[in-house]
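Following: one structure in structure tokens, then a few remarks.
Just so it is clear, the structure is predicted and the values come from calculations on it, not from any experiment.
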Amino acid sequence: MTQNHTEPEEGRARHPRYSETLPRTPENAAAARELAHTALAAWGQDELIEDAVLITTELVSNAIEHGRMGSMRVIITWPTESFIRLEVVDRSKAIPMVRLDSNRDHIHGRGLLLVDALSDRWGTDLYRWSKQVWEVRGHLRTSR
């Protein structure tokens with residue numbers, strides 16, 4: 001696990017960034033969940049842990065299934081006092097889509113419905129070499 005301690009910009013929260021580059025294999029979903037749990041527990045955001053772990057699982061599962069190359073990067077930040085951001089970066093440029101079909105025979109493809117339901121908002125940032133799927137959560141406890 002990597003914690004990057006950098007000085008935040010003026011007006012930004014002062015919390016460390018948690019990130020880890022992991023092999024893009026199903027076994028590493030547990031390490032991604034642990035990273036989310038560790039970050040939120042360190043920040044005293046215990047009430048967000050359960051949903052954050054579930055969202056992390058879904059975003060990582062998509063990266064494992066649809067990504068390219070051998071690795072993915074999981075990032076958890078608290079960039080402002082008003083929200084926490086979970087990110088998963090993989091080397092695919094395919095934009096994830098929420099599956100709205102009603103075929104109950106599909107066992108895959110419903111994870112983004114959970115992400116959509118549990119997140120304040122989520123989206124995809126495309127880069128020249130990859131994409132980053134992210135979600136943000138507000139309603140943070142800021143007093144310690």
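Distance check, rounded to the nearest 0.5 Å: CZ of Arg33 to CD1 of Ile49 gives 14.0 Å. In this structure, CD1 on Ile64 lies 6.0 Å from OG1 on Thr25, to the nearest 0.5 angstrom. Taking CD of Glu50 as the reference point, atom CG of Leu118 lies at 9.0 Å (rounded to 0.5 Å).
Side-chain contact of Arg73 with Thr21: a donor-acceptor pair under 3.5 Å is present, judged by distance alone. For the residue pair Glu34 / Thr38, a side-chain donor-acceptor distance below 3.5 Å is found, with atom types taken as modelled.
Between Asp51 and Arg137 a salt bridge is recorded (basic side-chain N to carboxylate O distance below 4.0 Å). The pair Lys93-Asp125 does not meet the salt-bridge criterion, since no charged nitrogen lies less than 4.0 angstrom from a carboxylate oxygen.
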Note to self: Using ring pair (Phe, Tyr, Trp, His ring centres under 6.0 Å), reason through Tyr18 and Trp78 one step at a time and then give a plain yes or no.
What the structure shows: CA-CA 9 Å; Tyr18 288 78; Trp78 189 350; over 10 Å; no

Notebook entry, point to check: Under the side-chain contact (heavy atoms from CB on, under 4.5 Å) criterion, do Leu86 and Trp122 qualify, and how do the steps go?
Noted result: CA-CA 9 Å; Leu86 303 175; Trp122 69 276; over 6 Å; no

Next item on the list: Apply the test side-chain contact (heavy atoms from CB on, under 4.5 Å) to residues Val115 and Leu59: give CA-CA distance (whole Å), side-chain angles for both, the deciding distance (0.1 Å), then the verdict.
Entry: CA-CA 8 Å; Val115 172; Leu59 296 181; 4.2 Å; yes

Notebook entry, point to check: Checking side-chain contact (heavy atoms from CB on, under 4.5 Å) for the pair Asn62/Leu112: CA distance, chi angles, key distance, verdict?
Noted result: CA-CA 9 Å; Asn62 281 346; Leu112 289 177; 3.6 Å; yes

Next item on the list: Show the numbers, then the answer: is there a side-chain contact (heavy atoms from CB on, under 4.5 Å) between Leu40 and Asp46?
Entry: CA-CA 6 Å; Leu40 292 167; Asp46 296 342; over 6 Å; no

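Side-chain N or O atoms of Arg91 include none that pairs as donor or acceptor with a backbone N or O of Ser130 at under 3.5 Å.
Residues Asp90 and His66 fail the side-chain proximity criterion, which asks for heavy atoms closer than 4.5 Å. Contact annotation: the side chain of Val74 approaches that of Leu22 to within less than 4.5 Å [non-hydrogen atoms, C-beta and beyond]. Side-chain contact between Ser119 and Ile55 is present, with heavy atoms from C-beta onward closer than 4.5 Å. Side-chain contact between Pro96 and Lys131 is present, with heavy atoms from C-beta onward closer than 4.5 Å. A 4.5 Å side-chain heavy-atom check between Ile76 and Leu35 finds at least one atom pair inside the cut-off. Using a 4.5 Å heavy-atom threshold, the side chains of Thr77 and Ile84 count as separate. Contact annotation: the side chain of Thr124 never approaches that of Trp134 to less than 4.5 Å [non-hydrogen atoms, C-beta and beyond].
Residues Val133 and Met69 do not share a hydrophobic cluster, defined by chaining ILVMFWY side chains whose heavy atoms lie under 4.5 Å apart.
Taking both residues in full, the closest heavy atoms of Ala63 and Met72 are given as CB-SD, 4.0 Å, listed atom of the first, atom of the second, then distance. Shown here for Val60 and Ala32, the closest heavy-atom pair between the two residues is CG2-CB, 3.6 Å. Between Ser92 and Gly67, the closest heavy-atom pair is CB-CA, 3.8 Å.
By the salt bridge (charged side-chain N to carboxylate O under 4.0 Å, His left out) test, Arg121 pairs with no residue at all, sequence neighbours left out. Asp116 is linked by a salt bridge (charged side-chain N to carboxylate O under 4.0 Å, His left out) to nothing, counting only residues two or more places apart in sequence or in another chain.
Taking a 4.5 Å side-chain heavy-atom cut-off between Ile, Leu, Val, Met, Phe, Trp and Tyr, the cluster of Ile75 extends to Val89, Tyr127, Trp129.
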